[in-house]
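So that the names make sense, note that chain A is the first sequence line, chain B the second, and so on, each numbered from 1.
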Amino acid sequence: MSVRVRFAPSPTGYLHVGNVRTALFNWFFVRRNGGSLVLRIEDTDVERSERHYEDQLLEDLRWLGINWDEGVDVGGYVGPYRQTDRFPLYREKVQQLLSNGRAYHCFCSREQLEEDRKKQLAEGRSIRYVGRCRGLDAKESEECLKQGRQATIRLRVRPGTVAFEDLVFGLIEVDTDNVGDFILLRSDGSAQYNLACVVDDSMMGITHVIRGEGHISNTPRQILVYEALGLPVPKFAHLSTILGPDGAKLSKRHGATSLAEIRQLGYLPEAVVNYLALLGWAPPEDGAEILSPEEITSVFDFKSVNVNPATFDLKKFNWVNRSHLKECPLPRLFNLAAPFLERTGLVGTSSSPEIQSWIEELLSVIVSYLDRLEDLGKETEFLWNFDPESDLSDSKALEILGDSAAIGVIRSFCQELEKTGAGAVSYQIYKEAVLGVMKSTGTKGKGLFRPIRLAITGKTFGPELDKIIPIIEKGSQLTLQTEIPGVLDRVRSILGELDLR
RNA sequence: GGCCCCAUCGUCUAGAGGCCUAGGACGCCGGCCUCUCACGCCGGUAACACGGGUUCGAAUCCCGUUGGGGCUACCA
């Protein structure tokens, strides 16, 4: 029998790191073993479910590169794939349970149930339905129903134990004494999660249920429903919870935890896939940790999935992202970087081929400085934010200017450049100018290069000057959204500002 | 309260009774490179939660304690 798995999110919010990992592990497993991935929308919580969350969810999954074979948008032969469209199916199954005596109507009020719970808690016993309506015979139920009394339908839980072999957690066994007759159908006729889940998984032919650890305790309940319905029980694999740095379950207050936010910050999809895979799964035999989705898929196995809750570590996530950024081909990097460069005002929404190749050159120089694309702002600041007045007020800049020779170096550098005829500053001209400054001022090393860097970029940090100069010069000749001054103009403005002081 | 699950460096993990003087990765610290901040390279720091067993031998098996998490809902 071929493998069938499903990812079944609720459209009650944005796709979260925890859900993403669940989706990913389903995807790894099914692509490794062959078979189909079904995307089902669990929107039975009508109050909290919203359509735009569903749209965003699909969009996020596609961005990650997860592809599914059947689902709410692509269809399939075991649909519908949205639970609110499946209510008749659930009622049908409950009818079956009712008629074979495995389920019964319950007329207990919420108040009564609440009281039962309080009492059980006080007596230190398991909190579970007391079974008040369990003994009602068909006639009595009929009678109550006729009176128009609100009723839920509960599963008649059998005595004994329920056991299953979890692919990750191993053998789990529970005494049904601790379960109690739980609700299958609510009084408004809608299906409770455990019922809907079982009916869907079984009708959709799911062979492996891969989901979050939180569902471990639900699994015995669901197995009981499979049994009552006479359906085969699938295999289960539960994934540990992802925690925030404070040890609490990862949530919004830990920062960017939704995929939407992560995208905004400029993480690559393959980096998200890679890092999340490393949370709870280890590559075989101490292998490399930077892996492409394909590489992960080709070796993925639940045997190497860990049971411990994993803490999301931003530093390592950044390292993974940086590693993938460095491998990213320039044309693709250009496309990814474009929106982030737009934010700086340097370039507009569309770029000419000249501008594109200029940006690609820029990217090739600064890519290894980036943890994420958002850092492009700071790393390209020397281009779009050249402002002698404020640049020279920076404390590090003042420190450099504190050296008595610094201003002389800048002045001399300017003169050397002007000697060449005030044209474009090529790498060659720059080199010769530096040599000239060395000779005339007798400075070298720090005392030489730090003032020059300051004069050209206005900044005290940045990539190697050799690499930056051609970029600045080329950029000054392009029609950018924010025009940038060439090297000589920059040096002159810095000098002008210095003279004012 | 009851039930279930979990417990190795700060973090992710390797580890299925002797290969463990506990390995790798990120981080951190130090060095090298260097005009700077980074990148890169090299080196270092750092863990079996605790207490009992079992065994010739335990990170590994069993029990308990402690600490986390989950379920116990007419949420999913």
Side-chain angles (χ1 to χ4, degrees), chain A residues 8-10 12 42-45 47-49 83 106 108 110 113-114 117 120-129 150-154 166 169-170 172-175 177-180 182-188 190 192-194 196-197 211-221 238 240-241 243 245 247-249 275 278-290 304 306-320 322 326 366-371 375 378-379 396 400 434 444-454 457 459-466:
Chain A
S10 298
T12 54
E42 306 214 326
D43 57 349
T44 55
D45 185 352
E47 296 278 298
R48 297 193 300 146
S49 294
Q83 285 188 328
C106 170
C108 297
R110 289 172 202 254
L113 295 172
E114 185 51 39
R117 270 193 287 272
Q120 285 168 337
L121 195 62
E123 289 170 7
R125 289 187 291 137
S126 267
I127 295 175
R128 35 169 276 203
Y129 179 56
Q150 291 267 301
T152 59
I153 294 171
R154 290 183 184 272
D166 189 279
F169 283 83
I172 292 171
E173 202 170 2
V174 179
D175 193 318
D177 273 355
N178 299 304
V179 177
F182 57 94
I183 289 174
L184 298 172
L185 217 58
R186 296 187 272 250
S187 54
D188 65 358
S190 64
Q192 196 269 341
Y193 169 71
N194 286 310
C197 187
R211 74 229 300 193
E213 185 186 3
H215 291 289
I216 281 189
S217 318
N218 278 322
T219 306
R221 269 176 262 276
H238 289 94
S240 70
T241 318
L243 272 22
K249 196 171 169 180
Y275 179 65
L278 256 20
L279 245 35
W281 171 82
E285 314 202 354
D286 276 356
E289 293 190 337
I290 298 301
S304 34
N306 211 77
V307 292
N308 307 336
T311 305
F312 190 90
D313 181 20
L314 193 64
K315 291 254 177 66
K316 185 149 184 176
F317 184 30
N318 283 343
W319 171 74
V320 170
R322 195 167 68 226
K326 278 188 253 187
I366 62 176
V367 67
S368 59
Y369 288 69
L370 306 171
D371 278 344
D375 299 340
K378 181 168 173 51
E379 297 303 336
K396 289 240 173 63
I400 290 168
V434 169
K444 56 179 184 176
K446 282 186 192 191
L448 174 65
F449 286 99
R450 287 166 73 175
I452 290 179
R453 165 179 296 282
L454 187 63
T457 68
K459 303 288 175 276
T460 56
F461 59 90
E464 292 159 62
L465 285 170
D466 295 7

- Of all residues at least two apart in sequence or in a different chain, which pass the side chain to side chain contact (heavy atoms under 4.5 Å, CB included) check with A/A282? none
- Check the distance between B/C26's C1' and A/K316's NZ and give it to me in whole angstrom. 5 Å
- Message: On RNA chain B, does the nearest nucleotide to A/Y369 precede the nearest nucleotide to A/L243 from the 5' side, or the other way round? Give the residue.
- Response: A/Y369
- Query: Paired with B/A16 by Watson-Crick or G-U wobble geometry, both distances under 3.5 Å: which nucleotide is it?
  - Reply: none
- Task: Give the rounded distance in Å between these two atoms: CG of A/N308 and P of B/C48.
- Result: 16 Å
- Contacts of A/E42 meeting side chain to side chain donor-acceptor pair (under 3.5 Å) (sequence neighbours excluded), chain-then-number -> A/R40, A/Q83
- Task: For B/C9 versus B/A47, give the span between their C1' atoms, rounded off to a whole number of Å.
- Result: 4 Å
- Item | Under the side chain to side chain contact (heavy atoms under 4.5 Å, CB included) test, residues paired with A/E114 that sit two or more places apart | A/R117, A/K118
- Query: Who does B/A7 pair with, Watson-Crick or G-U, both distances under 3.5 Å?
  - Reply: B/U66
- Item | Spacing between A/D175 atom CG and B/C3 atom C1', to the nearest angstrom | 10 Å
- Does A/T241 have any side chain to side chain donor-acceptor pair (under 3.5 Å) partners at least two apart in sequence or in another chain, and if so, which? A/E213
- C1' gap between B/G15 and B/A76, integer Å: 36 Å
- Take atom P in B/A7 and the same atom in B/C62, then report the distance between them in whole Å. 11 Å
- Task: Starting from P on B/A38, measure out to NZ on A/K326 and report it in whole angstrom.
- Result: 14 Å
- Message: Is the phosphate of B/G10 approached by A/K315 (side-chain N or O, under 4.0 Å from OP1 or OP2)?
- Response: no
- Item | Expected output: side-chain A/Y275 to main-chain A/F312 donor-acceptor under 3.5 Å | no
- Item | For A/Y193, ring-ring contact (aromatic ring centres under 6.0 Å, His included) partners two or more places apart | A/H215
- Query: So how far is it from A/N194 CG to A/L184 CG, rounded to the nearest 0.5 Å?
  - Reply: 8.5 Å
Name the pairs: protein N/O against N/O of nucleotides 29-35 of chain B, kept only if under 3.5 Å.
{"unit_1": "B/C35", "atom_1": "O2", "unit_2": "A/R453", "atom_2": "NE", "d": "3.0"}
{"unit_1": "B/C35", "atom_1": "N3", "unit_2": "A/R453", "atom_2": "NH2", "d": "2.9"}
{"unit_1": "B/C35", "atom_1": "N4", "unit_2": "A/L465", "atom_2": "N", "d": "2.8"}

- Of A/Y275 and A/F317, the one whose nearest nucleotide on RNA chain B sits closer to the 5' end is A/Y275
- Message: Please enumerate all residues that pass side chain to side chain donor-acceptor pair (under 3.5 Å) together with A/S368, with sequence neighbours excluded.
- Response: none
- Item | C1' atoms of B/G24 and B/C5, separation to the nearest Å | 28 Å
- Among B/U36, B/G1, B/C26, the nucleotide that comes nearest once only the side chain of A/F461 is considered: B/U36
Which pairs, protein N/O on one side and nucleotides 62-65 of chain B N/O on the other, fall under 3.5 Å?
none

- Checking N1-N3 plus N6-O4 or O6-N4 for Watson-Crick, or N1-O2 and O6-N3 for wobble, each under 3.5 Å, the partner of B/G1 is B/U72
- Nearest-angstrom distance, C1' atom, B/C39 to B/C32: 14 Å
- Message: Suppose we define a pair by two distances each less than 3.5 Å, Watson-Crick or G-U wobble; what does B/C48 pair with here?
- Response: none
- Query: After noting the C-alpha distance and the side-chain angles of A/R453 and A/T457, does the key distance pass the side-chain hydrogen bond (donor to acceptor under 3.5 Å, both in side chains) rule?
  - Reply: CA-CA 6 Å; A/R453 165 179 296 282; A/T457 68; 4.8 Å; no
- Item | Proximal nucleotide (of B/C6, B/U11, B/U36) relative to the A/F169 side chain | B/C6
- Item | A/K326 atom NZ, neighbour heavy-atom count above 12 within 6.0 Å | yes
- Can you check the A/K396 NZ to B/U36 P distance for me, whole Å? 13 Å
- Message: From CG of A/N318 over to C1' of B/A38, roughly how many Å is that when rounded to an integer?
- Response: 14 Å
- Counting only distance, no hydrogens or angles, is the base of B/G24 paired donor-acceptor with the side chain of A/E289 under 3.5 Å? yes
- Item | Rounded P spacing from B/G2 to B/G17 in Å | 34 Å
- Quantified in whole Å, what is the P atom distance between nucleotide B/G23 and nucleotide B/U45? 10 Å
- Task: Check every strand shown and say whether A/T311 touches a base, only sugar-phosphate, or nothing at a heavy-atom separation below 4.0 Å.
- Result: sugar-phosphate
- Message: Once salt bridge (Lys or Arg N to Asp or Glu O under 4.0 Å) is applied, do any residues pair with A/D177, and if so which ones, sequence neighbours excluded?
- Response: none
- Task: Name all residues meeting the side chain to side chain contact (heavy atoms under 4.5 Å, CB included) criterion together with A/F449; count only those two or more places apart in sequence or in a different chain, and write none if there are none.
- Result: A/Y430, A/V434, A/L465
- Base, sugar-phosphate, or nothing: which does A/G280 touch, judged by heavy atoms less than 4.0 Å apart? sugar-phosphate
- Message: Rounding to an integer number of Å, can you tell me how far A/R322 CZ sits from B/C37 C1'?
- Response: 13 Å
- Message: With a 3.5 Å limit on both atom pairs, tell me what B/G43 is paired to, counting Watson-Crick and G-U wobble, or say none.
- Response: B/C29
- Task: With sequence neighbours excluded, tell me which residues meet side chain to side chain donor-acceptor pair (under 3.5 Å) with A/E123.
- Result: A/R125
- Message: Suppose you measure atom C1' in B/U13 against the same atom in B/C50; what distance do you get, rounded to whole Å?
- Response: 23 Å
- Protein-nucleotide distance (A/D313, atom CG; B/C28, atom P), rounded to Å: 10 Å
- Would you kindly check if the NZ (Lys) or CZ (Arg) of A/K378 is within the cone defined by 45 degrees around the ring axis of A/F461 and under 6.0 Å from the six-membered ring centre? yes
- Reading nucleotides 70-76 of chain B 5' to 3', which nucleotides get B (base under 4.0 Å from a protein heavy atom), which S (sugar-phosphate only), which -? BSSSBBB
- Query: Any side-chain N or O of A/N306 under 4.0 Å from OP1/OP2 of B/A14?
  - Reply: yes
